[in-house]
Amino acid sequence: MKKLIIAALLIAGVSGFAQNNNDRPRRGDFSPEKRVERMTTQLGLDAKQQEQLKQLYAEQAKSRENQSGFSREQMQEERKKTEDKLKAILTPEQLKKWEATQAETRKRMGNRQGGGMGDRPERPQGGGDMEN
């Protein structure tokens, strides 16, 4: 009986420890500072560009907080506005690198999620392929 209780406590302790991963970095940290830091590393931003991007991403984050329940169209429009502002900040070489990174990310996300919407085969019309 003692062994059973000890084993149960040991399992509970180990599973609780395994689930407590607060010290691990969060996946996909999208804070304005982290985004600018990541882009600085990737694109070699100067101090002025870093400051401009911090402001841009801070505005974007604030806009998202203030407006809940974005429709898909509104989200796409917001993303387009942000990209237009971003294009004005980056040099042509940096923009080329950024666009390549974005394309690679979209490709990777599509592969991870089983393909993007454009990669899916069309469904047959007229009730599918069921036979009577």
Side-chain angles (χ1 to χ4, degrees):
M1 186 68 171
K2 282 185 178 180
K3 289 182 182 180
L4 184 60
I5 293 172
I6 291 173
L9 289 173
L10 182 63
I11 290 171
V14 169
S15 67
F17 178 75
Q19 291 177 2
N20 186 10
N21 50 7
N22 293 336
D23 55 336
R24 257 188 354 159
R26 265 188 10 204
R27 195 170 142 183
D29 186 0
F30 297 112
S31 69
E33 294 79 17
K34 288 289 184 183
R35 290 175 76 180
V36 171
E37 183 180 312
R38 197 169 27 251
M39 287 184 72
T40 299
T41 303
Q42 291 173 345
L43 305 176
L45 302 176
D46 63 28
K48 183 179 178 183
Q49 288 174 316
Q50 289 176 24
E51 191 57 41
Q52 289 172 325
L53 283 179
K54 279 181 190 175
Q55 289 176 348
L56 175 64
Y57 289 141
E59 289 171 13
Q60 183 186 39
K62 195 173 191 175
S63 173
R64 284 186 183 159
E65 284 178 11
N66 292 338
Q67 295 179 335
S68 61
F70 264 141
S71 72
R72 183 181 186 96
E73 293 79 22
Q74 287 172 321
M75 287 175 63
Q76 288 174 338
E77 192 171 317
E78 284 295 317
R79 188 178 309 120
K80 175 85 171 102
K81 286 179 187 177
T82 301
E83 284 183 16
D84 290 343
K85 291 176 183 177
L86 181 75
K87 289 175 182 179
I89 295 171
L90 299 178
T91 66
E93 297 83 28
Q94 290 170 331
L95 184 59
K96 217 177 218 182
K97 277 185 182 179
W98 179 79
E99 287 172 343
T101 303
Q102 293 299 303
E104 179 61 33
T105 300
R106 279 190 214 99
K107 181 180 174 187
R108 192 172 57 244
M109 291 299 288
N111 289 341
R112 190 176 98 204
Q113 296 176 355
M117 292 297 285
D119 298 338
R120 294 183 183 170
E122 287 190 34
R123 296 177 73 178
Q125 297 295 321
D129 55 359
M130 291 181 62
E131 294 182 24
N132 292 335

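The figures that follow rest on heavy atoms only: side chains count, while hydrogens, waters and symmetry mates do not. Throughout, residue positions are numbered sequentially from 1 according to the sequence presented.
Note that the CG atom of Leu45 and the CH2 atom of Trp98 stand 12.5 Å from one another [nearest 0.5 Å]. Rounded to the nearest 0.5 Å, atoms CE (Met39) and CD (Gln42) are 7.5 Å apart. Note: Leu53 CG to Thr40 OG1 = 7.5 Å, rounded to the nearest 0.5 Å. Rounding to the nearest 0.5 Å places CD of Glu83 at 8.5 Å from CD of Glu99. The CD atom of Glu73 sits 10.5 Å away from the CE atom of Met75 when rounded to the nearest 0.5 Å. Interatomic distance, CD of Glu37 versus CD of Gln50, reported as 9.5 Å (0.5 Å rounding).
Counting heavy atoms from C-beta outward, Gln55 and Glu51 have side chains that approach closer than 4.5 Å.
Here the closest non-hydrogen pair linking Gln49 and Ile89 is NE2-O, 3.1 Å.
Residues forming a side chain to side chain contact (heavy atoms under 4.5 Å, CB included) with Lys48 (at least two apart in sequence, or on another chain): Asp46, Gln52.
When only modelled atom types and interatomic distance are considered, Gln74 and Arg79 share no side-chain donor-acceptor pair under 3.5 Å. Donor-acceptor pairing under 3.5 Å is recorded for the side chains of Thr91 and Gln94.
In this structure, Glu59 contributes its side chain and Leu56 its backbone to no donor-acceptor pair below 3.5 Å.
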Should Lys80 and Glu77 be marked as a side chain to side chain contact (heavy atoms under 4.5 Å, CB included) after you check the CA-CA gap, both sets of side-chain angles, and the distance that decides it?
-> CA-CA 5 Å; Lys80 175 85 171 102; Glu77 192 171 317; 5.6 Å; no
